[in-house]
Visitor: 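Here it is, the structure, as structure tokens.
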Amino acid sequence: MWRLSRLICATLVGLLVVWGFVNLHNAEPAAWEHLIERIQFIPALLGTQSGVAWAGVVLVSLIVVTLIFGRAYCSFLCPLGIAQDIVIRLHSFVERLRGRKAAHPARRYAPPVPYVRYGVLLAVTVGWLLAGAAVLAWADPYSIAGRFLAGVINPLAAELTNAVEGRQVTAAAWERYGWLLAPVVIMFLLPLILAWWRGRIYCNTLCPVGTLLGLLARRPLLRIGMDPNGCIRCAACVRACKAQCIDLQSYCVDTSRCINCYNCVSACKRGLRPHLVSPFQTPGVKKNSPPKTNCEKEPPSSSRRAFLGLLATSVPVVAAPVQADETAPAASPPGSVSVPRFLSHCTGCGLCITACPTRVLQPATLQHGFSGFLKPYLDFTQGFCNFDCTACSSVCPVGAILPLSRAEKKRTQIALASFHSERCIVYGHQTECGACTEHCPTKALSTIEGKVPCYTPENCITCGACVDICPQHALSLQPRGEHVQIDRAKCIACGKCSRVCPTKAMTSKRLMVPVLDSKLCIGCGACSYACPVRPERAMQITPLSRHGSAEVLHEAPAQNPVSTDEFPF
Amino acid sequence: MQRRDFIKLGFAVGAGFSLDTLSGLFPIASAEESAVPAKKDPLVAVRGDDRVAMLSAALMVLGSGGGMSAFVKPGQSVVIKPNCAWDKSPEFCANTHPSLVGHMVKLCKQAGASKVQVFDHACDDWQRTYRNSGIQAAVEAAGGEMISGADEGLYRDHPNPAARKLKQAKVHSAILDADVFINMPVLKNHGGARMTACMKNMMGIVWDRGFFHSHDLHQCIADSILLRKPDLNILDAFSPMLRNGPKGKDENDLIQTHALLVGKDIVAMDAAAAKLLGYEDGEVRHIDLAASMGLGEKDLSKVLIRRISPS
């Protein structure tokens, strides 16, 4: 019954997590679709730190569950744990095929490795407190699994769907992670290879979440306790244990390493099962039980004490506000409030990256600096942030991107566009374009009819009339005075130069020229994405470190320019 | 067709003919001549309160009473290219109205089309755009197929030797392969091209739109008609976007024209559309360029225009 409930729960969680990370139709995510990513330990911890109420509830619940049952999270909810269980099951299956009865060669008790366990936990905790969530990106088992799902499984699902449907349902975005798939796959495969070799050794030795939950699970209420009197030492439980934590010598289950898979409970014919134990009772030992067990001999290690002490003193450090510059090297998604805040909370699980319909969200190499490795940034050469979309903020399980209403999103200024007329086609080629205003979702970019100067040096008598009249000082006579130079960066297409030119050397063309009002700009990058000028685009996007709020321009209703009584033709 | 619709239609067709004789703009055209298929296909301008009824009425006139069966023979494949470029809901009129596209699919199916495919090379994410524009639902409800335009692999190289700038382009296979191509845009202001109607809508059949923008937008728009001339143009001018086009930023940008234009001559269609937005002759350069290339008639006094108003 215990094992069955674990199997059902883990299967369900596994499927839901895969479902959550597979995005084929770019639908606006429904609220229930991403609940499962929110009941993960590190997301709940970081969400609580971000002040997200539900995350606090989840965190407390996970802690309470751990205090009652032990590390149930590791078998019931953790996607990396579930993936390891699949590998372990596969290994047993292969062994059985090869005719070996013993389920797993490593199924025997192994002593804990406290220095590695608490060393990793201490390092990750110190790293988290000093450098934000950068370290957690490497250590959080949910995020390790998430990135693999985002980078490998999501494109694979797209390929499969297209093959089955026989048409292009969705594009398989392998290029999104690109070469970053190498670290992503390695980080995911490492625990799986270890699992093939030694069961849940990754969870019990390297995973800091496992170690931390292990600290809480030293005295669970519902404990798998052995009854030395009833046991016949058949070792079925030891062979079934994936965590190598059952010591038959001392009749002791190391609850800090037990991942509550309940395989031992199923394997034992003699009534091994979890039962209510006083939390003050030492694990594995029944009062007055004749054979003395050795479970008490491991004292709390010094590193564990140091860790607990550090945790107690660390809260103010975490709560310290982030300092921000004006601009940032890369933009963070709307809802993340500021780039430093975003980087200190995001674990780079990749859920928002798969949810993003325009693929503007890409995993960063060093665009955010070292602390932003594998975390999303907005790559405005790949796409732009969809005006009506709030997918990333609604899926983020860690509160790095806080939920935004659509109205708030439409005003959230994550970057600012700047217009470089010297590169613009309208100024340079004197032909119309409008790609930037076409894509601008606000009224920040518009076009007005300007008079763009066209210069024919052969007709020029270098009288200097145009140079004198230019209000922008965009025109200058060349040093030797043979022709006029136009600084397109300064030109505003007012047409005054062509009006004063006596020789038709300076003429002008009536063209729609872009005009930018930065107050209305939200920095979605649509203009820059659409701008056809290469290599440097005429519209440039400068990411803002701290997000702002754009103004909204309200205009009176448009009036029909012609009568509607009759057709104007 | 219900009896009421049939009667409405009868009035519509009749009104078209009578208005035509009254107009005085076309001394050559008379009711008698109009009764037989005209040598030159007319441009039908409809004013009304219901887009769907307006479309049916216009097609009855243009198809000489036969409706879509004049354009689609049984067994033929049809591709409809609406303007479905922006992730905007129908109220913004940034995309062709879904009711029109759906109705068009239905009419093609009724005329015996073997399949009706609909796509656009959307500017926003295509899946969201198809969904939120309402066009996907309307097309699928009418038995049509909404296909992707979002992958380069769906486009084929197509030479365009008669063009001035766009000598070569990757054109969506559905356009190249279909028997009948129906161009079905919405009328809007455009920040660069000044106006987007039938000709500008052709940009969506091509993969590399950036080429248009960087190689004289107006000339490339005119050239794109040569890639494949639409067999029929239907322009949704019910609530055109007068300013801040073409994405749809503000419902206040719309004007209520309650018009629909249907015709075969893409240049004449755009010339008429420009008038609806208040443009003077020559203001929308791609119309003049296309006319100068012999792609159609921009002088509306030389075009047979039927003005009808059903209901």
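We name chains A, B, ... by the order of the sequence lines, and we start the count at 1 in each one.
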Visitor: Decide if atom NZ of B/Lys115 counts as having more than 12 heavy atoms of other residues, nucleotides or ligands within a radius under 6.0 Å.
Guide: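 No - once you tally the heavy atoms of other residues, nucleotides and ligands closer than 6.0 Å, there are 12 at most.
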Visitor: To the nearest 0.5 Å, what is the distance between CZ (B/Arg47) and OG1 (A/Thr564)?
Guide: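 So the gap between those two atoms works out to 5.5 Å.
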Visitor: In the structure I gave you, are the side-chain heavy atoms of B/Trp86 and A/Glu438 within less than 4.5 Å of one another anywhere?
Guide: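 With C-beta onward as the side chain, the pair touches.
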Visitor: Considering only heavy atoms and a distance below 4.5 Å, find which of A/Gly428, A/Cys440, A/Ala530 pairs most often with chain B.
Guide: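 That would be A/Cys440.
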Visitor: Given side chains that start at C-beta, do those of A/His439 and B/Lys247 come closer than 4.5 Å, heavy atoms only?
Guide: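 Heavy-atom side-chain distance check fails, nothing below 4.5 Å.
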Visitor: Should we count CZ of A/Arg510 as having more than 12 external heavy atoms under 6.0 Å?
Guide: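 No, the 6.0 Å shell around CZ holds no more than 12 heavy atoms from other groups.
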Visitor: Counting only heavy atoms closer than 4.5 Å, note whether B/Arg209 contacts chain A via side chain, backbone, both or neither.
Guide: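 It is neither, since no heavy atom gets under 4.5 Å.
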Visitor: What part of B/Met203 gets within 4.5 angstrom of chain A, counting heavy atoms only: side chain, backbone, both, or neither?
Guide: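 Contact with chain A: none, neither part.
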Visitor: Top residue by heavy-atom pair count (under 4.5 Å) with chain B, among A/Arg534, A/Glu449, A/Gln430?
Guide: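 When all of A/Arg534, A/Glu449, A/Gln430 are compared, A/Glu449 has the most.
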Visitor: Taking every heavy-atom pair that is under 4.5 Å apart, which of A/Pro514, A/Ala556, A/Ser446, A/Ser563 has the most such pairs with chain B?
Guide: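 Greatest number of close heavy-atom pairs with chain B: A/Ala556.
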Visitor: Quick one: does A/Cys433's side chain get under 4.5 Å of B/Leu217's, heavy atoms only?
Guide: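 No. Closest side-chain heavy atoms not under 4.5 Å.
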Visitor: Going by heavy atoms in the side chains, are B/His190 and A/Glu432 under 4.5 Å from each other?
Guide: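 Answer no - side chains too far apart.
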Visitor: If we check side-chain hydrogen bond (donor to acceptor under 3.5 Å, both in side chains) with A/Asn26, which of these qualifies: B/Thr129, B/Asp87, B/Asp125?
Guide: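 Only match with A/Asn26 under side-chain hydrogen bond (donor to acceptor under 3.5 Å, both in side chains): B/Asp125.
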Visitor: Under the criterion side-chain contact (heavy atoms from CB on, under 4.5 Å), I'd like the reasoning laid out for A/Ile425 against B/Ser214: C-alpha separation, chi angles, the key distance, then a yes or no.
Guide: CA-CA 6 Å; A/Ile425 279 169; B/Ser214 48; 3.4 Å; yes
Visitor: Top residue by heavy-atom pair count (under 4.5 Å) with chain B, among A/Val533, A/Thr170, A/Val426?
Guide: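 Winner by heavy-atom pair count: A/Thr170.
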Visitor: Taking side chain as everything from C-beta outward and backbone as N, CA, C, O, which of these in A/Cys436 sits under 4.5 Å from a heavy atom of chain B? Side chain, backbone, both or neither.
Guide: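 Contact with chain B: none, neither part.
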Visitor: Under a 4.5 Å heavy-atom cutoff, which of A/Cys531, A/Pro532, A/Ala171 has the most pairs with chain B?
Guide: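 Most heavy-atom pairs under 4.5 Å with chain B: A/Pro532.
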Visitor: Heavy atoms, side chains only, cut-off 4.5 Å: are A/Asn560 and B/Thr257 in contact?
Guide: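 With C-beta onward as the side chain, the pair touches.
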Visitor: Take B/His215 and A/His429 through the test side-chain contact (heavy atoms from CB on, under 4.5 Å) and record every step on the way to the result.
Guide: CA-CA 8 Å; B/His215 293 81; A/His429 296 196; over 6 Å; no
Visitor: Side chain, backbone, both or neither: which part of A/Tyr529 has a heavy atom under 4.5 Å from chain B?
Guide: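 Contact with chain B: none, neither part.
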Visitor: What pair of heavy atoms forms the shortest contact from B/Gly278 to A/Val562, and how long is it?
Guide: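 Shortest heavy-atom contact: CA-CG1, 4.1 Å.
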Visitor: Where is the tightest heavy-atom contact between A/Glu555 and B/Asn244, given as atom of each residue plus distance?
Guide: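 Minimum heavy-atom contact is OE1-ND2, 2.7 Å.
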Visitor: Where on B/Gln256 is there a heavy atom nearer than 4.5 Å to chain A: the side chain, the backbone, both, or neither?
Guide: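 Backbone only.
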Visitor: If every non-hydrogen atom of B/Lys275 is compared with every non-hydrogen atom of A/Phe569, which pair is closest and at what distance?
Guide: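 Answer, listing the atom of B/Lys275 first, then A/Phe569: CB-CD2, 4.0 Å.
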Visitor: Chain A heavy atoms under 4.5 Å from B/Ile147: which part of the residue, side chain, backbone, both or neither?
Guide: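 Neither part.
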Visitor: Tell me, for A/Ile448 versus chain B, whether the close heavy atoms (under 4.5 Å) come from the side chain, the backbone, both or neither.
Guide: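 Neither; nothing under 4.5 Å.
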Visitor: Could you tell me the separation between the CG atom of A/Leu511 and the CZ atom of B/Arg285, rounded to the nearest 0.5 Å?
Guide: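 Rounded to the nearest 0.5 Å, the CG-CZ separation comes to 8.0 Å.
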Visitor: B/Ala272, B/Ala193, B/Gly245: which one forms the most heavy-atom pairs within less than 4.5 Å of chain A?
Guide: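 Ranked by contacts with chain A, first place is B/Ala272.
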Visitor: Counting heavy-atom pairs closer than 4.5 Å to chain A, which one of B/Pro246, B/Ser148, B/Gly210 comes out on top?
Guide: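 Most heavy-atom pairs under 4.5 Å with chain A: B/Pro246.
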Visitor: Before giving the answer on side-chain contact (heavy atoms from CB on, under 4.5 Å), spell out for A/Phe387 and B/Asp124 the whole-Å C-alpha distance, their side-chain angles and the decisive distance to 0.1 Å.
Guide: CA-CA 10 Å; A/Phe387 192 53; B/Asp124 281 324; over 6 Å; no
Visitor: Apply side-chain contact (heavy atoms from CB on, under 4.5 Å) to the pair B/Arg131 and A/Glu28, showing each step before the final yes or no.
Guide: CA-CA 11 Å; B/Arg131 199 166 43 239; A/Glu28 199 72 3; over 6 Å; no
Visitor: With the side chain counted from C-beta on, respond yes when A/Pro568 and B/Leu276 share a heavy-atom pair under 4.5 Å apart, and no when they do not.
Guide: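 Sidechains of B/Leu276 and A/Pro568: in contact.
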Visitor: Do A/Asn386 and B/Arg128 make a side-chain contact, defined as non-hydrogen atoms from C-beta onward lying under 4.5 Å apart?
Guide: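 The answer is yes, as the side chains (C-beta and beyond) meet within the 4.5 Å cut-off.
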Visitor: How many angstroms lie between NZ in A/Lys443 and NZ in B/Lys249, if you round to the nearest 0.5 Å?
Guide: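 If I round to the nearest 0.5 Å, the distance is 8.5 Å.
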Visitor: Check this for me: does any side-chain nitrogen of one of A/Glu566 and B/Arg307 sit under 4.0 Å from a carboxylate oxygen of the other?
Guide: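 Looking at B/Arg307 together with A/Glu566, the answer is no, because their closest N to O distance does not fall below 4.0 Å.
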Visitor: So what's closer than 4.5 Å to chain A heavy atoms on B/Leu261: side chain, backbone, both or neither?
Guide: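 For B/Leu261, the contact with chain A is made by the side chain alone.
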Visitor: By a 4.5 Å heavy-atom criterion (distance strictly below it), what part of A/Ala526 contacts chain B: side chain, backbone, both, or neither?
Guide: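 Interface part for A/Ala526: neither.
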Visitor: Salt bridge between A/Arg167 and B/Glu145, side-chain N to carboxylate O under 4.0 Å?
Guide: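 Answer for the salt bridge query: no.
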Visitor: Would you call A/Asp388 and B/Lys88 a salt bridge, taking side-chain N to carboxylate O under 4.0 Å as the test?
Guide: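 A salt bridge is present here (some side-chain N lies under 4.0 Å from a carboxylate O).
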